[in-house]
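Here's the structure we're looking at; comments come further down.
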2 protein chains.
Amino acid sequence: MNDDALGRLGDGGSLTNRVQAAIEEMIMNGELRGGDKVNEITLSERFGTSRGPLREACRALAQEGLLVAIPNRGVFVRELDLREALEVYDVRSALDELMGRLIAERVDDAQVRELYGLVDAMDRAAAERDLERYYPTNLEFHNRLLALANNRRLQRLYKGLVKELHLFRRKGLLQLGSMRISNEEHRQIVQSIEARDPIAAGVCMKSHVLAAKQRLLAAVEAERAQEITLAQTSAPRRRRQGT
Amino acid sequence: MNDDALGRLGDGGSLTNRVQAAIEEMIMNGELRGGDKVNEITLSERFGTSRGPLREACRALAQEGLLVAIPNRGVFVRELDLREALEVYDVRSALDELMGRLIAERVDDAQVRELYGLVDAMDRAAAERDLERYYPTNLEFHNRLLALANNRRLQRLYKGLVKELHLFRRKGLLQLGSMRISNEEHRQIVQSIEARDPIAAGVCMKSHVLAAKQRLLAAVEAERAQEITLAQTSAPRRRRQGT
DNA sequence: GTCCGCCGGTCTGTTGACAATCTGACGCAT
DNA sequence: ATGCGTCAGATTGTCAACAGACCGGCGGAC
């Protein structure tokens with residue numbers, strides 16, 4: 001991020017809104033990592049504002065859960081441990097089930113065709129092992145579903161949860177887990193939506209998220225096993241790893 | 001609320017936190033109603049602070065969804081129309097299902113007995129038509145369930161939704177609807193929890209919320225019908241009511 | 001050698017003042 | 001009478017400075 005950081009986000013109206021968007025962006029693209037301290041003076045100088053708007057932006061982000069404010073100590077980028085990440089997946093599973101239910105109750109044929117189009121595109125990308133194309137389409141697919149649910153509260157909470165997952169320490173594991181995603185799950189979701197079966201659509205979407213949760217767990221376990229192996233080979237005399 | 005408004009909430013550490021709690025309190029007890037403007041100078045003078053902390057508190061409450069900030073116009077207490085209230089109920093139904101699922105997977109016998117105790121207390125209060133005792137117990141029952149789910153994310157989102165429902169214009173209708181609540185639903189919830197049946201517990205809790213949603217809808221319909229009747233008798237020559 | 005208390009620097013918490021914007025009303029022209 | 005441009009008052013947006021809290025290092029006592 002450069003000195004024109006706020007200029008690019010010029011559509012916020014107030015400085016506070018732009019600063020808030022800028023900090024959120026810094027967190028999302030990894031410039032600010034979990035546990036980092038948000039220094040008011042440093043950041044306000046960088047954005048070319050005073051500390052007032054910056055403090056207001058931090059307050060909002062803290063309420064949103066992206067930052068943590070400790071009185072007289074400052075604000076820090078929140079850090080999500082494995083337990084919390086799994087909690088988020090559980091909540092997402094519940095919201096996804098609702099999403100499927102709502103969508104199946106109100107889609108029209110054109111929307112179903114659009115969803116099939118996205119699934120087909122993902123199939124083609126997957127066949128070519130083209131992850132650069134698979135990811136954005138996958139993202140669009142889920143955004144489209146979220147929009148089709150037509151429930152603003154659901155949309156806000158869901159987007160918040162997605163943002164929160166960016167705070168997971170080993171974010172790489174999330175992508176590693178979703179890499180092995182089965183597009184077949186997506187197709188089943190659309191099929192149950194096409195059948196206008198709210199129960200089935202809800203179950204499909206819930207299962208989809210819970211499967212992702214399990215993939216994350218598996219990836220964490222795999223990494224842990226590998227770490228232990230590495231540690232044992234490089235320092236074989238050590239019997240116990242740090243807990 | 002008096003001039004000691006912040007003194008009673010003295011445990012917030014920073015002024016901002018106390019102001020935030022105070023404003024939230026004002027919204028919850030109805031002193032600030034939906035659509036009301038939050039004047040920075042007026043409120044800051046009332047709390048004995050400057051505008052800085054007050055603005056930060058409003059930022060946080062806006063992010064939480066209790067206030068709405070319009071650039072260069074100020075912040076206003078958010079107003080929930082019927083459509084939005086129903087949306088909230090839908091989301092709550094999903095979260096409650098998750099809650100039931102999680103609880104049934106991890107309760108112990110003592111906790112089940114405690115839940116039965118609360119249901120019994122509600123039965124006794126209902127038998128005596130003692131709503132003053134029924135309400136707090138009902139609240140405690142649901143808070144207890146929320147705690148038993150042991151999922152902080154779920155707890156935060158759920159409490160947020162409950163707060164948001166206070167912004168519904170005709171809040172009275174909510175209570176009117178829950179007055180006819182069947183404690184039998186509560187007992188069924190506990191029974192399925194006691195049976196350690198996650199599916200059944202989830203369904204029971206989801207149904208409980210959706211039933212409340214239907215009761216709200218019915219109350220709104222009843223009120224609307226009565227309004228039309230009154231309007232027709234008092235001004236019978238008018239054929240069309242204002243939309 | 002270790003622990004305790006002091007102290008300077010740094011950062012946050014808060015404030016009051018200045019600049020920009022909006023609201024509502026007044027007066028004028030049509 | 002109605003509509004429009006203008007203006008004063010009020011309110012929000014932003015800033016720079018002051019006060020207080022926390023952190024780390026230093027020196028002395030045991």
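We name chains A, B, ... by the order of the sequence lines, and we start the count at 1 in each one.
No salt bridge links B/Glu25 with B/Lys163; every basic N to acidic carboxylate O contact stays at or beyond 4.0 Å.
As rounded to whole Å, 11 Å separates atom P of D/dC15 from atom CG of A/Leu54. Distance CD1 (B/Ile70) to P (C/dT21): 18 Å, rounded to an integer number of Å. Atoms CZ (B/Arg18) and P (C/dG13) sit 13 Å apart, rounded to a whole Å. When the P atom of D/dT12 is taken as reference, atom CD of B/Glu56 falls 16 Å away, rounded to whole Å. If you take CD of B/Glu40 and C1' of D/dG13, they are 8 Å apart, rounded to a whole angstrom. Distance, B/Leu15 CG to D/dA19 P: 17 Å, rounded to whole Å. Rounded to an integer number of Å, the gap from A/Phe47 CZ to D/dC15 C1' is 17 Å. The separation between A/Phe76 atom CZ and D/dC23 atom P is 9 Å, rounded to whole Å.
The nearest heavy atom of DNA chain D to A/Asn72 and to A/Pro53 marks one nucleotide each, and the one closer to the 5' end goes with A/Pro53. Between B/Asn39 and A/Gly52, the residue whose closest nucleotide on DNA chain D is further toward the 5' end is B/Asn39.
With hydrogens and angles ignored, a donor-acceptor pair under 3.5 angstrom links the side chain of A/Arg51 to the base of C/dG13.
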Output, in order, the C-alpha distance, side-chain angles, deciding distance and verdict of side-chain hydrogen bond (donor to acceptor under 3.5 Å, both in side chains) for A/Arg133 and A/Asn138.
CA-CA 9 Å; A/Arg133 227 171 56 208; A/Asn138 182 33; over 6 Å; no
Would you check, one step at a time, whether the test side chain to side chain contact (heavy atoms under 4.5 Å, CB included) holds for B/Arg144 with B/Leu115?
CA-CA 8 Å; B/Arg144 201 76 201 91; B/Leu115 291 176; 4.1 Å; yes
Assess the residue pair A/Gln63 and B/Gln20 against the criterion (side-chain hydrogen bond (donor to acceptor under 3.5 Å, both in side chains)); give the C-alpha distance rounded to whole Å, side-chain angles, the decisive distance to 0.1 Å, and a yes or no.
CA-CA 11 Å; A/Gln63 187 71 38; B/Gln20 181 175 344; 3.0 Å; yes
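Among the protein residues, A/Val38 comes within range of the sugar-phosphate backbone only, with heavy atoms under 4.0 Å from sugar or phosphate atoms but none that close to a base.
Proximity of B/Thr16 to the phosphate of C/dT14: a side-chain N or O atom is located under 4.0 Å from OP1 or OP2. Taking only side-chain nitrogens and oxygens, B/Lys37 comes nearer than 4.0 Å to OP1 or OP2 of D/dT12. At the phosphate of C/dT21, neither OP1 nor OP2 sits under 4.0 Å from any side-chain N or O atom of B/Arg73.
For A/Ile41, the listed nucleotide lying nearest its side chain is C/dT12; candidates were C/dG13, D/dT14, C/dT12. In this structure, of D/dC15, C/dT12, D/dG13, it is C/dT12 that holds the atom nearest to the side chain of A/Arg55.
Taking 4.5 Å as the limit, every side-chain heavy atom of B/Leu210 sits out of range of all side-chain heavy atoms of B/Tyr89.
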